[in-house]
Amino acid sequence: MTSISRIRKANIPWFFHIAVIPLSVYLFPRHELRVFLLIYAFITFLFDTEEVLKALQDPNEPPLIPHHGLPFLGHVLGMFWYGASYFARVNSITQHPIFTLQTWTARTIVVISPQLAAPIQRASKNTSFYRMILEVTKRLVDFDDPSMKIITYNLDNELGHGSGLMIESHAMLDSMLSPGPDLNKLSATQLDQFSALLNDFISPPSPSKTVNLMTWVKQTFTTANAFTVYGPLNPFALHPSLVSSFWRYEAGMAAVMADIFPYLTARKPWLARRAVNAALHEFVEKEHYKSASQLIQNRVSMNLRHGFTAKMAGRAELILLFGILGNAVPTTFWFLSNIFARPELLARIREETRQAITTSTSPSPSGTEKFLSVATLKSSCPLLVSTYRETLRSIANLASVRLVTKTHTINTPPNTSYPPYLLKAGSMIQIASGVIHSAPSVWGPDATSFMPTRFISSSTTAAYRAFGGGSVICPGRHFAQSEILGFVALCVHMFEIEGLDRGVMELPVRDDERLPFSVMKPVREPIVRMRRRSGEEGWVWRLKPGVD
């Protein structure tokens, strides 16, 4: 079918247009006709432009979903207004496995089907993850142009020699954060930090504390993870006020990254980022990184060797801080909330995880100790692990992104009825994890319900996208699982978390209409009462990575 034929068959009221225009010559005086035609042309532009674009696209491309009323900008504003839920809104109307949105001068291809996500996210010379996030990275940390030139060198190994900052950095991170001695050492340090912080949090004679649960998790994780990864001379240890600065920037970074005079339009988060960046510069300039974990020693040395200045090498660490805190904190918050808001689930998890607890036979100087084995939690506590994974399924709405660098066709799996799809160079791909995670066709009729036992026997691993997928799956997923399972299990046995009325805490409402830079946050952060469990007041708890 030719382009002209497709335009003729487009969802455009051609007969109406053909009738109205000549009729208007008879209905309006000449001095009013021009005004009418201008208004009519403008309305036609608003409602018919994207229908024309849809008709003109190659029929093998994912179907374009026109925005009637505001071409080029309508879908962009929808994403800003509704956040991650916008793809679900479009999908509820269209029900396409993959579709295209016209977003300003580019096109965004939205993938809804997990069967299509697999071939698209697979390592390919036709798509690039890193080129998709370059501008985001630059604005996130405020890199200068020389640093961006270093970052973009041989970004996707287009030169074929396997060297370049991003290639080497990814390989190093993947190696050190995969299961093995390096990860074990990191986890052991971190679990010691959690143990110390939680033992000191509520201890005799203090019976209880009233806290903002999210703020408490932020403070605890930032302190523990900064020490674990960045060492005793980390910026948050030397400048404690930076904890609130970091999270102030995290809350407002969308406005900063919009880059519309951010020192005026987003002054508080902009100043917060400046403060954190200054401390990270100091961390590198004074060589405090040499007392940090091997991961950071390797990372900073690599960045400096490739030509980063001390200031830019410091700013690069802001990216990793988001990596170790940005998703772990809200995930832990929701994991705690999902358990403590369900008394029956709480009781079952306490019973199941008792097998991971051992008691010291000889009191230590700090008191009689109980040990909680994270390895046992992971291997022998299926309800705890399933609740963790179900928590992530319910809040992980981040899209996996790619930039199409070369026009190509993807062949869909043979077990589907989907045709091959043409993906054109310059298009942006977003694999809509939030929509996939709530699809009844994948998870069944209870897809939108929280089912703690779902992953005990679930086989829908292909549709589970909490850590992304393909060649850029999150390298820190093993580290994250150990820290979150250990922290939450320790809280389960050490504390009661209640509402202010001493009743069961209320489960917060998820905010799915926020631009997704991390997993979902709550609409309102709950204020809760935390106290030591009865009978546990005299014990000192320790987390350990291995089994007795």
Side-chain angles (χ1 to χ4, degrees), residues 58 60-65 84 87-88 90-91 94-101 107-133 156-157 170-171 174 177-178 327 386 389-390 392-444 447 454-455 457-478 480-481 516 519:
D58 191 302
N60 294 318
E61 290 183 75
L64 187 143
I65 309 303
F87 294 152
V90 176
N91 180 58
T94 62
Q95 295 295 310
H96 291 299
I98 182 172
F99 55 82
T100 304
L101 304 178
R107 290 194 173 190
T108 298
I109 298 171
V110 183
V111 182
I112 301 299
S113 165
Q115 289 84 6
L116 293 179
I120 289 175
Q121 72 188 6
R122 197 173 294 129
S124 169
K125 293 182 179 180
N126 299 317
T127 61
S128 172
F129 167 74
Y130 292 117
R131 293 195 183 279
M132 183 68 191
I133 64 168
D156 293 308
N157 198 29
H170 179 79
D174 191 56
L177 293 176
S178 294
N327 285 317
S386 178
R389 297 191 70 194
E390 178 72 346
L392 277 168
R393 185 189 74 89
S394 67
I395 62 172
N397 58 346
L398 288 165
S400 298
V401 296
R402 300 290 190 278
L403 175 68
V404 182
T405 54
K406 294 180 182 178
T407 299
H408 66 289
T409 298
I410 57 162
N411 294 312
T412 55
N415 60 337
T416 69
S417 59
Y418 306 143
Y421 287 101
L422 179 68
L423 307 182
K424 287 194 172 181
S427 300
M428 299 177 290
I429 299 174
Q430 296 207 41
I431 301 173
S433 300
V435 180
I436 294 173
H437 280 164
S438 59
S441 60
V442 176
W443 306 98
R454 187 185 302 276
F455 287 94
S457 59
S458 174
S459 59
T460 53
T461 53
Y464 186 68
R465 307 190 50 79
F467 295 101
S471 59
V472 290
I473 190 169
C474 175
R477 63 193 183 279
H478 305 292
Q481 184 185 38
V519 298

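We count residues from 1, following the sequence as given. Only heavy atoms go into these numbers, but all of them, side chains included; no hydrogens, no water, no symmetry mates.
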Tell me whether Trp443 contacts the main-chain N or O of Arg454 through its side chain, where contact means a donor paired with an acceptor under 3.5 Å.
no
Between Thr100 and Pro62, is there a donor-acceptor pair closer than 3.5 Å when you use the side chain of the first and the backbone of the second?
yes
With sequence neighbours left out, the residues meeting salt bridge (Lys or Arg N to Asp or Glu O under 4.0 Å) with Arg131 are Asp156, Glu158
I need the Ile120 CD1 to Leu423 CG distance, nearest 0.5 Å.
5.5 Å
Only residue of Ile431, Val111, Asn397 satisfying side-chain contact (heavy atoms from CB on, under 4.5 Å) with Ile436 is Ile431
Answer yes if the side chains of Arg389 and Gln481 hold a donor-acceptor pair under 3.5 Å, and no otherwise.
no
Side chain to side chain, Phe99 and Leu64, heavy atoms closer than 4.5 Å
no
Within the distance-only criterion (no hydrogens, no angle test), does the side chain of Thr405 pair as donor or acceptor with the backbone N or O of Asn126 below 3.5 angstrom?
yes
Would you please name every residue forming a side chain to side chain contact (heavy atoms under 4.5 Å, CB included) with Ala466, sequence neighbours left out?
Leu392, Ala396, Tyr464
Just by distance, do the side chain of Thr416 and the backbone of Thr412 share a donor-acceptor pair under 3.5 Å?
no
Quick check against the 3.5 Å criterion: does Ser438 have a side-chain atom that pairs as donor or acceptor with the backbone of Ala447?
no
Within this structure, what is the NZ-CD distance for the pair Lys424 and Glu61, rounded to the nearest 0.5 Å?
4.5 Å
So, does Ser113 use its side chain to make a donor-acceptor pair with the main chain of Pro97 at under 3.5 Å?
no
Between the side chain of His437 and the main-chain N/O of Arg465, is any donor-acceptor distance below 3.5 Å?
yes
Does Arg402 use its side chain to pair, donor to acceptor, with the backbone of Tyr130 at less than 3.5 Å?
no
